[in-house]
Amino acid sequence: MKVTLISIPVRDQEKALKFYTEKLGFIIKKDAPLGGGNRWITLVSPEWQDGPELLLEPAPNHFEPCKVFQDALMEAGIPYTQFDVDSVDEEYDRLLKLDVDFSVQPTEMGTVKFAVFNDTCGNNIQIVETL
């Protein structure tokens, strides 16, 4: 068994696609219409194109419990997921220049350094560096 797909809820797929590709640097793996204005959009890391795909899931628009859960995580300041990076400080500086809004600046905790940003699509995302 292995992980091949990770889903992240987004309220606007086009806005999410722009943010995740233009600001975070992911690349499109699949983009297919599903009907009703929804698409099957998956992204991958350019450094790991055969790795797990990130699905931009429009569930909050169609399934109220998903929207409630997403809102609760945002209100509590809890990240929906995390992405590993080589250097949190470098990624933080790069993303600040692209006007990404961080709620937690680079912080060391034990054997990791992390920061948390808003993906503009309803989620807090944590970036993590192993020290």
Side-chain angles (χ1 to χ4, degrees):
M1 202 178 300
K2 62 183 176 179
V3 176
T4 60
L5 183 79
I6 307 290
S7 173
I8 188 162
V10 298
R11 299 192 182 188
D12 182 325
Q13 285 186 305
E14 194 58 42
K15 183 178 180 181
L17 180 60
K18 186 173 181 168
F19 182 87
Y20 279 81
T21 57
E22 294 179 10
K23 297 200 179 204
L24 300 186
F26 287 97
I27 58 175
I28 298 169
K29 180 91 173 200
K30 297 176 185 134
D31 187 352
L34 292 174
N38 297 308
R39 294 154 52 192
W40 183 265
I41 303 171
T42 66
L43 309 174
V44 292
S45 167
E47 292 89 25
W48 195 12
Q49 294 185 33
D50 292 326
E53 296 176 40
L54 180 66
L55 173 65
L56 302 179
E57 171 63 60
N61 299 328
H62 311 289
F63 187 57
E64 188 63 23
C66 182
K67 183 178 180 182
V68 170
F69 180 64
Q70 187 185 38
D71 286 345
L73 288 177
M74 277 298 286
E75 289 172 25
I78 297 172
Y80 187 85
T81 194
Q82 81 174 34
F83 302 134
D84 289 355
V85 295
D86 291 331
S87 170
V88 165
D89 291 326
E90 288 176 19
E91 201 61 26
Y92 175 81
D93 290 341
R94 182 184 79 79
L95 292 173
L96 275 182
K97 291 176 186 169
L98 295 172
D99 297 320
V100 172
D101 181 34
F102 280 82
S103 59
V104 177
Q105 297 177 353
T107 304
E108 285 189 29
M109 186 176 290
T111 60
V112 299
K113 181 181 276 189
F114 68 95
V116 179
F117 64 85
N118 182 326
D119 76 351
T120 74
C121 304
N123 305 292
N124 287 310
I125 304 294
Q126 179 170 275
I127 54 174
V128 175
E129 167 190 358
T130 301
L131 300 175

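We number each residue from 1, following the sequence as shown.
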**Asked** How long is the span from the CG atom in L56 to the CG atom in D12, to the nearest 0.5 Å?
**Response** 10.5 Å
**Message:** Once ring-ring contact (aromatic ring centres under 6.0 Å, His included) is applied, do any residues pair with F26, and if so which ones, sequence neighbours excluded?
**Reply:** F83
Could you list the donor-acceptor pairs under 3.5 angstrom formed between side-chain atoms of residues 115-125 and any protein atom two or more places apart in sequence or on another chain?
| unit_1 | atom_1 | unit_2 | atom_2 | d |
| --- | --- | --- | --- | --- |
| N118 | OD1 | T120 | N | 2.6 |
| D119 | OD1 | C121 | N | 2.8 |
| D119 | OD1 | G122 | N | 3.3 |
| D119 | OD1 | N123 | N | 3.0 |
| D119 | OD2 | Y20 | OH | 2.6 |
| D119 | OD2 | N123 | ND2 | 3.0 |
| N123 | OD1 | Q70 | NE2 | 3.1 |
| N123 | ND2 | P9 | O | 2.7 |

**Message:** Going by salt bridge (Lys or Arg N to Asp or Glu O under 4.0 Å), name the pairs with one or both residues in residues 121-130, residues two or more places apart or in two chains.
**Reply:** none
**Other cluster members, V68 - Ile/Leu/Val/Met/Phe/Trp/Tyr, side-chain contacts below 4.5 Å** = none
**Prompt:** Listed by chain and number, what are the side-chain contact (heavy atoms from CB on, under 4.5 Å) partners of E90, not counting sequence neighbours?
**Reply:** S87
**Request:** Among residues two or more places apart or on two chains, list those pairs meeting ring-ring contact (aromatic ring centres under 6.0 Å, His included) that have a residue in residues 41-79.
**Result:** none
**Prompt:** Could you give all pairs that pass the salt bridge (Lys or Arg N to Asp or Glu O under 4.0 Å) test and reach residues 61-87, with sequence neighbours left out?
**Reply:** R11-D71
**Request:** Taking salt bridge (charged side-chain N to carboxylate O under 4.0 Å, His left out) as the test, write out the residues that go with D89, two or more places apart.
**Result:** K113
**Set of salt bridge (charged side-chain N to carboxylate O under 4.0 Å, His left out) partners for K15, sequence neighbours left out** = none
**Asked** With a 4.5 Å limit on heavy-atom distance, are the side chains of V44 and D50 in contact?
**Response** no
**Item:** With sequence neighbours excluded, residues passing salt bridge (charged side-chain N to carboxylate O under 4.0 Å, His left out) with E53
**Value:** K30
**Item:** Partners passing side-chain contact (heavy atoms from CB on, under 4.5 Å) against I78 (at least two apart in sequence or in another chain)
**Value:** L73, A76
Can I get a per-line list of side-chain donor-acceptor pairs under 3.5 Å for residues 101-110, giving both atom names and the distance, sequence neighbours left out?
| unit_1 | atom_1 | unit_2 | atom_2 | d |
| --- | --- | --- | --- | --- |
| T107 | OG1 | Q105 | O | 2.7 |

